[in-house]
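Below: one structure, written as structure tokens.
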Amino acid sequence: QVQLVESGGGLVQAGGSLRLSCAASGRTFSNYVMAWFRQAPGKEREFVAGISRTGITTDYSDAVKGRFTISRDNAKNTVYLQMNHLKPEDTAAYYCAQYGGSVVIRDRNAFGSWGQGTQVTVSS
């Protein structure tokens, strides 16, 4: 049974940085595409960034492109999200998710495993 545990969220001022981590267990981590999603109050959960099994291919939403960087360490079974130049509109609960396909995708319905989420709050 897979388990995904996020950490690294918190309160930060606009323009600041945070690094989220998601530790995975229960499956061969390198066999899975990983992604980060976020959900603000009253809004749908949205794709933020995705990374291929090897880490070579990445994808970002337009809202975060150029500010956020997704990476993974398959030896540590961990995926990261480095968030720079944070804005108040980045405030949300951030979730990591795991997908068993072979390409990076954005459809949240295709992701079968999710973490419990970590809150990121950006003050203006």
Side-chain angles (χ1 to χ4, degrees):
Q1 184 174 347
V2 66
Q3 186 175 20
L4 302 174
V5 179
E6 302 97 334
S7 61
L11 175 64
V12 63
Q13 288 188 334
S17 298
L18 283 174
R19 188 194 195 203
L20 305 184
S21 299
C22 171
S25 62
R27 289 177 181 167
T28 304
F29 181 70
S30 58
N31 287 349
Y32 293 87
V33 169
M34 299 298 296
W36 288 94
F37 290 78
R38 68 186 182 186
Q39 187 168 19
K43 296 188 177 182
E44 291 190 348
R45 191 169 298 188
E46 64 175 4
F47 173 84
V48 174
I51 189 166
S52 63
R53 292 178 291 186
T54 61
I56 292 175
T57 301
T58 58
D59 185 29
Y60 298 92
S61 69
D62 288 344
V64 308
K65 193 174 296 183
R67 300 187 297 122
F68 291 10
T69 302
I70 188 171
S71 62
R72 66 190 296 164
D73 185 337
N74 286 344
K76 295 183 178 181
N77 293 345
T78 302
V79 61
Y80 305 97
L81 186 68
Q82 178 66 44
M83 305 186 295
N84 298 329
H85 306 294
L86 282 161
K87 305 175 181 179
E89 51 264 44
D90 294 319
T91 295
Y94 283 72
Y95 300 87
C96 69
Q98 194 174 67
Y99 168 62
S102 60
V103 297
V104 179
I105 61 170
R106 299 186 175 194
D107 182 2
R108 66 179 185 268
N109 294 315
F111 286 78
S113 298
W114 294 83
Q116 83 289 348
T118 186
Q119 180 66 36
V120 172
T121 303
V122 184
S123 63
S124 57

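In this chain, numbering begins with 1 at the start of the sequence shown. All values derive from a computational prediction rather than experimental measurement.
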**Message:** Classify the ring geometry of Y94 against F68: parallel below 30°, tilted from 30° to 60°, perpendicular beyond 60°.
**Reply:**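 Tilted.
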**Message:** Students often mix this up, so state it plainly: with edges at 30° and 60°, are the rings of Y99 and F111 parallel, tilted or perpendicular?
**Reply:**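 Tilted: the ring planes of Y99 and F111 meet at 30° to 60°.
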Sub-4.5 Å side-chain heavy-atom contact between [X] and [Y]:
X: S30; Y: R53; result: no
X: F47; Y: D59; result: yes
X: W114; Y: R45; result: yes
X: V103; Y: V33; result: no
X: R67; Y: M83; result: no
X: R38; Y: L81; result: no

**Short side-chain to backbone donor-acceptor contact, Y60 and I70, under 3.5 Å** =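 Looks like yes, one N/O pair under 3.5 Å.
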**Main-chain N/O of G117 paired with E6 side-chain donor or acceptor, under 3.5 Å** =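 Answer holds: yes.
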**Asked** Do NZ/NE/NH1/NH2 and the carboxylate oxygens of K87 and D90 come within less than 4.0 Å?
**Response**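 No, this pair does not count.
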**Request:** Kindly work out whether a path of hydrophobic side-chain contacts (I/L/V/M/F/W/Y, heavy atoms less than 4.5 Å apart) joins V122 to V64.
**Result:**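 Cluster IDs for V122 and V64 match.
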**Prompt:** Does R27 have any side chain to side chain donor-acceptor pair (under 3.5 Å) partners at least two apart in sequence or in another chain, and if so, which?
**Reply:**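 Result, side chain to side chain donor-acceptor pair (under 3.5 Å) vs R27: Q98, S113.
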**Item:** Minimum-distance pair of heavy atoms, taken over all atoms of V79 and S71
**Value:**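 Answer, listing the atom of V79 first, then S71: CG2-O, 3.1 Å.
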